[in-house]
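Inspection log for the structure reproduced underneath, given as structure tokens.
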Amino acid sequence: MATGVLLIHGFSGSRDELLPLKSHLEKCGFKVSLPVLAGHESTRQDFAQSKYTDWIRSAEEAAADLEKSCGPIIIVGFSMGGVITVNLYRKIAVQKLVFINTPIYYWNIARIVKNLTGDFKTYFRKYFTDSNPHPLPALLEFRKIVRQTKPLFSKINCPVLIIQTIDDDTVKPKSADYIYRNVAGAKFLKKYAAGGHQFFATAMAEDVYVEVVKFIGELGNHD
């Protein structure tokens, strides 16, 4: 039976964020599920009306479907997807967890200022001109799920891989340190100097693929 991997995308993001990783894992023989979270990949109104409990339920339903063909699964959470992962941990059978740029402490102002100082034109466009502000209700739900999930990391005792880019302008790198300190059992922390928050679109993504597959331990094609 193939090893199942559930991928969970981030806040206000989409499945596109993790499609490169999904493709890589499938080539390695894993059975991969990449659900869309409630309110995402839809209208601004749908996003504003969705609750963090809806986001968790979307991932939980996908995990339940994956379990039917794979048994215990591995969950990889990107950004807020890592926070959702913690909420699934005690509800389903999980072999291992991977947290990638997962927020405990967010909005890295120091990095944003540094980016603007280094390349004002590019980053001004990113942060102010091209940005579509998130609906306030959705932002409040994001804050709720992070706040309410933070104490739950100490309940995790399965093997955990934590990946964090140092130049992440969305998540403060000390988030990874918090997760590492608080989870129990076997845990591994890997930091990368560069790549930003959405590093799957950069060259360093290949290094992360190697780390994730190595952590999972063996290829998924056991049929």
Side-chain angles (χ1 to χ4, degrees), residues 4-19 21-22 32-68 72-94 97-109 112 127 130-156 158 160 162-164 168-172 174-176 178-179 182-183 197-198 200:
V5 182
L6 176 67
L7 304 181
I8 307 177
H9 68 76
F11 172 75
S12 80
S14 71
R15 289 169 291 183
D16 289 345
E17 295 174 331
L18 294 175
L19 281 178
L21 178 58
K22 180 177 185 288
V32 184
S33 174
L34 175 54
V36 59
L37 300 179
H40 293 68
E41 295 187 22
S42 186
T43 65
R44 183 179 176 85
Q45 182 179 7
D46 285 344
F47 186 36
Q49 292 177 346
S50 63
K51 305 295 184 182
Y52 80 85
T53 51
D54 299 325
W55 307 336
I56 294 172
R57 186 176 64 253
S58 299
E60 190 174 355
E61 290 173 352
D65 286 340
L66 189 59
E67 278 186 305
K68 294 175 183 177
I73 62 177
I74 295 159
I75 308 180
V76 180
F78 169 68
S79 194
M80 186 192 71
V83 178
I84 292 174
T85 292
V86 180
N87 288 272
L88 266 57
Y89 171 70
R90 300 185 70 83
K91 298 179 179 180
I92 62 174
V94 177
L97 300 177
V98 180
F99 298 102
I100 302 176
N101 285 357
T102 295
I104 299 296
Y105 311 102
Y106 43 90
W107 313 146
N108 191 348
I109 303 302
I112 291 173
Y127 297 137
D130 294 342
S131 61
N132 182 20
H134 304 311
L136 180 58
L139 284 170
L140 293 176
E141 291 298 310
F142 169 78
R143 295 187 63 176
K144 283 182 188 177
I145 190 173
V146 173
R147 182 176 66 250
Q148 296 183 23
T149 302
K150 186 177 177 182
L152 302 181
F153 281 90
S154 62
K155 307 295 184 181
I156 295 174
C158 71
V160 169
I162 306 153
I163 294 174
Q164 178 65 53
D168 190 336
D169 55 2
T170 300
V171 174
K172 294 181 180 181
K174 67 177 183 178
S175 296
Y178 175 91
I179 297 171
N182 284 275
V183 296
H197 188 63
Q198 296 283 355
F200 284 114

Practice task
Mark yes or no for whether S14, through its side chain, and D16, through its backbone, hold a donor-acceptor pair below 3.5 Å.
Solution key: yes

Practice task
May I ask you to check whether T149 and N87 show a side-chain donor-acceptor distance below 3.5 Å?
Solution key: yes

Practice task
Please confirm whether the backbone N or O of L37 pairs with a side-chain atom of W55, one donor and one acceptor, at under 3.5 Å?
Solution key: no

Handout entry: Note, L88 side chain near V94 side chain (heavy atom, < 4.5 Å)
Key = no

Exercise for the section: Please lay out, stage by stage, how Y178 and K172 fare under the test side-chain contact (heavy atoms from CB on, under 4.5 Å). Expected result: CA-CA 11 Å; Y178 175 91; K172 294 181 180 181; over 6 Å; no

Handout entry: Residue pair A62 / L6: nearest heavy atoms and the distance that separates them
Key = CB-CD1, 3.9 Å

Exercise for the section: Please say whether the positively charged group of K155, taken as NZ for Lys or CZ for Arg, lies over the ring of Y89, i.e. under 6.0 angstrom from the six-membered ring centre and within 45 degrees of the axis. Expected result: no

Problem - Worked check of side-chain contact (heavy atoms from CB on, under 4.5 Å) between T102 and V171 - result: CA-CA 7 Å; T102 295; V171 174; over 6 Å; no

Handout entry: Check: S175 side chain, P103 main-chain N or O, donor-acceptor pair, under 3.5 Å
Key = no

Exercise for the section: Please check if the distance between the ring centroids of F11 and Y52 is under 6.0 Å. Expected result: no

Practice task
Take Q164 and F99 through the test side-chain contact (heavy atoms from CB on, under 4.5 Å) and record every step on the way to the result.
Solution key: CA-CA 8 Å; Q164 178 65 53; F99 298 102; over 6 Å; no

Exercise for the section: Could you tell me whether K51 and D54 make a salt bridge, using a distance below 4.0 angstrom between a side-chain N and a carboxylate O? Expected result: no

Problem - Ion pair check, E141 and K144, cut-off under 4.0 Å - result: yes

Exercise for the section: Run the numbers on V98 and I75 for side-chain contact (heavy atoms from CB on, under 4.5 Å), then give the verdict. Expected result: CA-CA 6 Å; V98 180; I75 308 180; over 6 Å; no

Practice task
Check whether the ring centres of H197 and F78 lie less than 6.0 Å apart, and answer yes or no.
Solution key: yes

